[in-house]
Amino acid sequence: GVRVMAAHNLQIVAPWSRGKLIAALTGAAVMVLALVVGLVLAVHSALTGPLPDAAAATAVVLPLDREERRDVLAAEPMLQVSRSDSQGGTPAAVPGPVLEVPASTMIGAGKVASGFPHTPEGAIGQLAAIEVTVLSEMNVARVVEVWDAWAADGAGPVEQWRLMGHVRSFLAAMKMGDVLEQGARVTVTPVAAQTKASDGPDWTIACVLVDVRAVYRSEARMAYGYCERMVWDGQRWLIGPGTPPALAPSTWPGTDLAVEAGWRTWTRAAR
């Protein structure tokens with residue numbers, strides 16, 4: 001994109017026009033934003049998440065007590081996929097199964113949608129509401145507020161929460177402070193879900209696949225799979241204690257790979 005003129009041994013580089021500079025900066029912004037979204041959500045999870053160990057899970061001697069059984073369920077590995085699988089894919093010829101997720105009925109603690117029923121689908125709805133709030137706002141103080149409102153006793157410090165890691169990494173990579181700057185926007189939309197495991201009516205591992213779109217001078221997009229232990233406290237679903245579940249597969253929604261990974265297309269249940 002530059003013009004070089006030779007005059008004896010001297011090279012004169014013609015300055016770029018304003019249009020070329022804007023085009024170059026825009027292209028760089030697209031690439032940087034795509035890398036930030038893809039790497040922060042995928043790589044940060046890979047570095048901080050527990051390593052699935054199928055051999056260890058199958059080596060446990062039965063019978064197990066309740067906590068041991070739940071630890072085994074949480075550690076069970078899910079389908080392993082590549083980072084590129086989260087950024088696009090060919091739609092499946094035959095649509096996969098659907099999952100009806102109930103709608104919220106109120107705004108709950110921490111200004112998060114709430115009022116989901118005492119069912120595995122209700123746990124999925126609550127987890128999605130928490131995730132959408134945290135990742136769309138990209139505000140460290142709000143992450144703390146949401147965690148304090150929706151983490152059960154013994155769930156661990158907020159510093160170890162995967163979503164806190166994502167928010168901090170995103171803001172650092174974008175060279176922002178502790179909150180999303182004006183002009184930047186992140187939208188998070190649930191597109192699929194699954195129940196990885198349940199152990200009685202009050203404990204389930206809920207998984208949500210979301211479509212993440214980040215806009216900052218340009219737009220980047222990826223799919224992100226996320227699971228948590230969810231516990232019912234008698235009134236609502238909370239993020240439960242214990243080692244976080246094995247990493248969920250981040251697959252492009254509506255593909256054969258997404259179906260293979262267990263994802264069911266998100267549909268809103270009729271009221």
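Source: prediction; values computed, not measured.
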Out of curiosity, does Val179 fall in the hydrophobic cluster containing Met138 (side-chain heavy atoms, cut-off under 4.5 Å, transitive links)? no
So do the side chains of Arg142 and Lys111 get within less than 4.5 Å of each other, counting heavy atoms only? yes
Can you check whether Leu238 reaches Met230 side chain to side chain, under 4.5 Å on heavy atoms? no
Taking every non-hydrogen atom, the tightest pair across Arg264 and Val98: NH2-O, 2.8 Å
Ignoring hydrogens and angles, tell me if any N or O in the side chain of Arg268 forms a donor-acceptor pair with the backbone of Pro102 under 3.5 Å. yes
If you look at every heavy atom in Val208 and Pro190, which pair is closest and at what distance? CG1-CB, 4.3 Å
side-chain contact (heavy atoms from CB on, under 4.5 Å) for Thr243 and Arg229? Distances and angles first, verdict last. CA-CA 9 Å; Thr243 303; Arg229 302 182 187 220; 4.3 Å; yes
Minimum side-chain heavy-atom gap Arg213-Glu219 below 4.5 Å: yes
For Ser250, what residues pass the side-chain contact (heavy atoms from CB on, under 4.5 Å) criterion, not counting sequence neighbours? Ser86, Tyr224
Going through the checks in order, is the side-chain contact (heavy atoms from CB on, under 4.5 Å) test met by Leu163 and Trp147? CA-CA 10 Å; Leu163 295 188; Trp147 177 260; over 6 Å; no
Would you say Trp150's side chain and Ala109's backbone share a donor-acceptor pair under 3.5 angstrom? yes
CZ (Arg168) with more than 12 external heavy atoms under 6.0 Å: no
So, does Glu68 use its side chain to make a donor-acceptor pair with the main chain of Asp65 at under 3.5 Å? yes
Report yes if some heavy atom in the side chain of Trp237 is under 4.5 Å from a heavy atom in the side chain of Thr204; otherwise report no. yes
Heavy-atom neighbours of Glu67 CD exceed 12 at 6.0 Å: yes
Measure the shortest side-chain to side-chain distance between Asp148 and Val158 over non-hydrogen atoms and say whether it is less than 4.5 angstrom. no
Check for a donor-acceptor pair, side chain of Gln80 on one end and backbone N or O of Met78 on the other, with a separation under 3.5 Å. yes
Do Ser114 side-chain atoms and Ile107 backbone N/O form a donor-acceptor pair below 3.5 Å? no
If you look at every heavy atom in Ser198 and Leu73, which pair is closest and at what distance? O-CD1, 4.4 Å
For the backbone of Ala113 and the side chain of Gln126, can you confirm whether one donor and one acceptor N or O come within less than 3.5 Å of each other? yes
Are the side chain of Trp263 and the backbone N or O of Pro249 linked by a donor-acceptor pair below 3.5 Å? yes
Flag yes if more than 12 heavy atoms outside Arg185 fall under 6.0 Å of its CZ atom; otherwise flag no. no
Are Val191 and Val101 linked, directly or through other ILVMFWY residues, by side chains that come within less than 4.5 angstrom of each other? no
Are the side chains of Phe170 and Leu180 in touch, meaning some heavy atoms are under 4.5 Å apart? yes
Hydrophobic cluster membership, Val146 vs Val140, 4.5 Å side-chain cutoff: yes
ILVMFWY cluster, Phe116 and Trp203 together (side-chain gap under 4.5 Å): no
